[in-house]
Amino acid sequence: MSRIVIHVDMDYFYAAIEEREDPSLIGRPVVVCMYSGRGEHGGSVSTSNYTAREYGIKSGMPCSRAIKLNQDAVFLPVRKEFYTEVSDSIMEILRLYADSDESFEQISIDETFIEVTANCNGDFECARKLGEDIKQKILEKEQLTCSVGIGPNKLIAKMASSENKPDGLTVISENESSSFLKDRFPSQLWGVGDVTAARLEKMGIKTVGQIASSDIVSLIDVFGKKKGSWLKKAAQGIDESPVRQREGSEQIGRIATLPENSSDHDLIMPVLDNLADDVIRKAIERGVSFRQVTLIVITSDFKTQTRNHTLQRAVAEKEILRSNLDKLLKDFLEENKSAIRRIGVRVAGLQEVSSQTTLASYF
Ligand code: DCP
Ligand code: CA
Ligand code: CA
């Protein structure tokens, strides 16, 4: 059975959020800048929308240069906190598709690997449907587009997602991997940087296919054992690295089955209260506070839904958790008629509690 990994990358993320918040920006070149505070235009470009990219404006370039490329572009300062909140909500949506909590790997603010091997039983058509569903959910809930890549491992999934950007969906099955790779420049292989690309060029290697058919001994000669064997495998589309939860992206969660299916707030809340107690106890044990509160609901028809809320600051206080869950549950019950079967609590955005004073305020 083939492994199946989904890679999701949001399109022009910071700029897309700014467009969503202010639709009058749509159609104009938008540049999001990380201002350094030195001079009016000191700083570098975080990202730009696709209209601005047509003028050559790119991530990483000085903002002063971007202005020269297009004086009429809209320049906006980075709002990192806000983008992180949006990112958290997107991750909440994506998490539900993973085989398990451990098979979900967020690699940056707008990018994630999701292992769906078990969920799809190795069937790429099933994975394609999940990919379509992911795109639709993110669009519905966040009004943002993303590009999805699906492959037999992280390497292929990652490269597939940039194939049809923006708003793309590209599926590359195990059989298609080598033809997908073979005519590309070595620099396009995920993990090959400028230095490696230049060395390969010197060896007369111009395509990924040529790496794949190179003698491994000569690759190891030039790149050393580790990198040399990695190159040989990667060029053939082989990548065994697991999808795994990153440190700092952990969460604490508890879930329970109700004594009977119910849509009665007064009946459900005591169960939720106990779960919240457990979660707080665990957070205190681990010395962490949290910023994101999620209510998980599994209805009598076995559908899973979540509702989440991001707090102003990280806390680990029972009362705050309880009142947020209470509100999320009320909102849910107002919108939904089907009875609830299982209920759960999850907190994320965990932060180490460093100072004693903050710890004391737990109790
Ligand atoms: N970012 C940044 N500085 C960089 C690169 C990126 O601050 N040098 C931020 C802004 C981006 C976000 O990270 O919106 C995600 O980076 P990506 O490389 O995924 O770029 P985008 O999402 O902006 O565009 P694309 O549609 O090409 O993925
Ligand atoms: Ca992106
Ligand atoms: Ca990215």
Side-chain angles (χ1 to χ4, degrees), residues 5-22 25-38 41-67 69-70 73-91 93-95 104-114 131 134-135 137-139 142-151 154-170 184 187-194 243 246 248-249:
V5 175
I6 300 182
H7 178 257
V8 179
D9 185 5
M10 300 303 297
D11 299 324
Y12 61 104
F13 191 48
Y14 294 3
I17 297 174
E18 295 295 350
E19 282 184 0
R20 176 188 85 180
E21 296 302 300
D22 178 3
L25 296 174
I26 296 168
R28 304 177 65 189
V30 175
V31 185
V32 179
C33 273
M34 182 73 174
Y35 290 113
S36 61
R38 291 193 194 171
H41 307 301
S44 60
V45 172
S46 274
T47 196
S48 55
N49 67 358
Y50 284 66
T51 312
R53 290 182 199 186
E54 284 169 20
Y55 297 88
I57 299 174
K58 284 190 205 145
S59 294
M61 74 168 45
C63 301
S64 53
R65 172 107 202 284
I67 291 190
L69 290 169
N70 188 330
V74 182
F75 285 79
L76 299 168
V78 167
R79 296 194 279 168
K80 187 70 189 285
E81 283 273 295
F82 178 50
Y83 309 145
T84 305
E85 276 181 34
V86 177
S87 168
D88 288 347
S89 321
I90 293 168
M91 296 307 152
I93 299 171
L94 295 178
R95 219 177 271 285
F104 179 88
E105 180 174 358
Q106 183 180 351
I107 59 170
S108 75
I109 191 164
D110 79 328
E111 231 168 291
T112 309
F113 287 114
I114 311 164
I134 284 172
K135 289 170 68 74
K137 288 263 156 51
I138 296 181
L139 191 61
E142 295 295 332
Q143 291 93 51
L144 293 169
T145 64
C146 63
S147 293
V148 173
I150 299 175
K154 286 160 77 171
L155 175 82
I156 301 292
K158 165 82 186 178
M159 291 177 68
S161 72
S162 43
E163 231 0 53
N164 293 302
K165 244 181 180 308
D167 204 14
L169 172 69
T170 307
R184 286 164 196 272
S187 59
Q188 290 176 292
L189 191 64
W190 186 43
V192 171
D194 294 345
V243 173
R246 294 254 167 147
S249 69

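A quick note: this is a predicted structure, and the numbers were derived from the prediction, not measured. Atoms within each ligand, like the ligands themselves, are counted from 1 in listed order.
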Quick one: are M34 and K80 in side-chain contact, heavy atoms under 4.5 Å?
no

Here the N/O/S atom of E111 closest to the Ca ion (ligand 3) would be OE1

Taking D11's backbone N and O only, do any of them form a donor-acceptor pair with T145's side chain (distance below 3.5 Å, no angle check)?
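No: the side chain of T145 does not pair with the backbone of D11.
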
Of the backbone atoms (N, CA, C, O) and the side-chain heavy atoms from C-beta on, which set of [X] has a member under 4.0 Å from an atom of ligand 1: side chain, backbone, both, or neither?
X    : answer
V32  : neither
R53  : side chain
K165 : side chain

If we count only non-hydrogen protein atoms and require a distance under 4.0 Å, does atom 18 (O) of ligand 1 qualify as touching the protein?
no

Could you give the distance from [atom1] ([X]) to [atom2] ([Y]), rounded to the nearest 0.5 Å?
X    : Y    : atom1 : atom2 : result
L94  : I138 : CG    : CD1   : 4.5 Å
R65  : S44  : CZ    : OG    : 13.5 Å
Y14  : L76  : OH    : CG    : 14.0 Å
C146 : L139 : SG    : CG    : 8.5 Å

Quickly, which of R28, E18, E19 forms a side-chain hydrogen bond (donor to acceptor under 3.5 Å, both in side chains) with N49? Name it, please.
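When side-chain hydrogen bond (donor to acceptor under 3.5 Å, both in side chains) is applied between N49 and each of R28, E18, E19, only E19 qualifies.
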
Can you tell me the protein heavy atom closest to [atom] and the distance?
atom                    : result
atom 20 (O) of ligand 1 : T47 OG1, 4.3 Å
atom 12 (C) of ligand 1 : Y14 CE1, 3.9 Å
atom 7 (O) of ligand 1  : S46 OG, 3.1 Å

Near the Ca ion (ligand 2), is there an N/O/S atom from Y12 that is less than 3.0 Å away?
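It does not; every qualifying atom lies at 3.0 Å or beyond.
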
Does any N or O atom in [X] lie less than 3.5 angstrom from one in ligand 1, N or O only?
X   : answer
S59 : no
D11 : no
A15 : no
F13 : yes

Distance filter under 4.0 Å to D110 heavy atoms, resulting ligand 1 atoms
15 (C), 19 (O), 22 (O)

Would you call K154-E111 a salt bridge at under 4.0 Å N-O?
no

K135/D167 salt bridge by N-O under 4.0 Å criterion
yes

With rounding to 10 degrees, what does the angle D9:OD1 / the Ca ion (ligand 3) / D110:OD1 come to?
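So the angle at the metal works out to 80°.
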
Sub-4.0 Å heavy-atom approach of Y50 to ligand 1:
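Within the 4.0 Å threshold, so yes.
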
Does the plane of the ring in H7 sit parallel, tilted or perpendicular to the ring in F113? Use 30° and 60° as the thresholds.
tilted

